[in-house]
Student: 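Before I ask anything, let me first share the structure, which is written out below as structure tokens.
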Amino acid sequence: MSGPEPHAKDAPAAKSLQDGGTIEPVREILWGSSAGVRKYETAEEVPPEMRKLVVKLLVVQADTEFASIQQHRPWLDRAPTLEDRWIESRIIADEARHGLQACRILRDFGEEGQKHIDELLQKREGEHKLDAFNMKFDRWSDVGAFTCFVDRVGVYQLRAFQECSYGPLARAMPLMLSEEQLHLNFGSSVLRRMVQDGPKYSGTKEEAQAAVMKWYPRALDMFGHSNSDTSRRAIEYGLKRWTNEEARRRYIEEVSTLVSSIGLELPRPEFDRHVL
Ligand SMILES: [Fe+2]
Ligand SMILES: [Fe+2]
């Protein structure tokens with residue numbers, strides 16, 4: 001899978017891995033206005049103007065993890081094959097672990113963090129922050145398109161946090177990323193099987209195409225507004241590597257190739273969008 005390339009210089013850890021050496025944790029901030037300074041390792045060290053943004057990003061992240069458990073849950077015993085049911089159970093376990101991991105980082109922010117965790121645990125279907133996580137999976141094609149498109153945006157968001165300036169968040173990324181890779185590969189495989197095998201597997205090519213039209217615009221919305229001040233500040237603080245628009249552009253390039261290889265078509269990027 002071709003993914004976004006960082007603007008920042010290559011992380012020393014990645015370099016030493018390529019050279020066959022040992023992996024050294026990256027201790028300094030790699031981009032933004034504090035590049036070169038030691039990373040923030042505790043909540044107390046995070047500068048006050050940046051604290052609110054770190055908490056906000058963690059809350060949104062955790063909210064998506066818990067929401068997707070609610071969306072997948074009905075398919076645990078409705079997925080078409082035994083193997084699909086098993087993968088559904090793995091995805092649910094992975095998302096629960098991601099939610100837990102984000103909440104553990106939030107806990108370090110004391111009372112403020114705990115208040116957010118309590119709210120997150122109360123949220124029911126339809127009450128989540130992003131539209132993509134308030135939509136039900138009515139058909140199996142929804143599960144395929146959601147994991148193919150929406151989980152893939154999740155991977156872009158996680159990559160944007162890789163080696164970020166807040167050490168505990170940066171260190172949570174590698175395992176989350178490897179688990180997310182399974183989810184999105186599963187999603188494209190579901191769509192591909194629907195196109196190739198039709199009712200022998202589940203559904204039809206037309207159903208898979210309808211699911212593309214339903215989920216792709218919601219996935220593009222997840223990157224946020226094109227001229228977002230928050231996204232610019234996140235880069236300046238060394239938290240995120242790309243602006244919303246840069247990440248969205250790279251994502252569109254990647255999924256265009258993928259979707260045509262499956263035999264399906266993407267609508268234009270402006271189609272049915274809510275967040276521009
Ligand atoms: Fe996740
Ligand atoms: Fe996922």
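Indexing begins at 1, ligand by ligand and atom by atom, following the structure's order.
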Student: Can you tell which of Trp242, Phe149, Tyr156 makes a ring-ring contact (aromatic ring centres under 6.0 Å, His included) with Tyr251?
Tutor: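 Answer after filtering Trp242, Phe149, Tyr156: Tyr156.
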
Student: I'd like the atom name of the N/O/S atom in Glu95 lying closest to the Fe ion (ligand 2).
Tutor: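 Minimum-distance N/O/S atom of Glu95 relative to the Fe ion (ligand 2) is OE2.
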
Student: Which N, O or S atom name in Glu65 marks its closest approach to the Fe ion (ligand 1)?
Tutor: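 Output for this pair reads OE1.
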
Student: Any idea which N/O/S atom from Glu180 gets closest to the Fe ion (ligand 1)?
Tutor: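 Atom name returned: OE2.
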
Student: Kindly indicate whether a cation-pi arrangement holds for Lys39 with Tyr166, taking the cut-offs as under 6.0 Å to the six-membered ring centre and within 45° of the axis.
Tutor: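 No, Lys39 and Tyr166 do not form such a contact.
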
Student: Can you confirm whether Arg139 is buried at CZ, in the sense that more than 12 heavy atoms of other residues, nucleotides or ligands lie under 6.0 Å from that atom?
Tutor: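 It does not: Arg139 CZ has 12 such atoms or fewer within range.
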
Student: Would you say the Fe ion (ligand 1) has His98 as a near neighbour, meaning an N/O/S atom of that residue under 2.8 Å away?
Tutor: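 Given the 2.8 Å cut-off, His98 counts as a ligand of the Fe ion (ligand 1).
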
Student: Any ion pair linking Arg152 and Glu254 (charged N to carboxylate O, less than 4.0 Å)?
Tutor: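 Salt bridge: yes.
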
Student: Would you check if the Fe ion (ligand 1) lies under 2.8 Å from any N, O or S atom of Asp151?
Tutor: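 Coordinating: no.
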
Student: Decide if the gap between the ring center of Trp215 and the ring center of Phe146 is smaller than 6.0 angstrom.
Tutor: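 Trp215 vs Phe146: aromatic centres under 6.0 Å.
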
Student: Return the name of the atom in His183, of element N, O or S, nearest to the Fe ion (ligand 2).
Tutor: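 Of the nitrogen, oxygen and sulfur atoms in His183, the Fe ion (ligand 2) lies nearest to ND1.
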
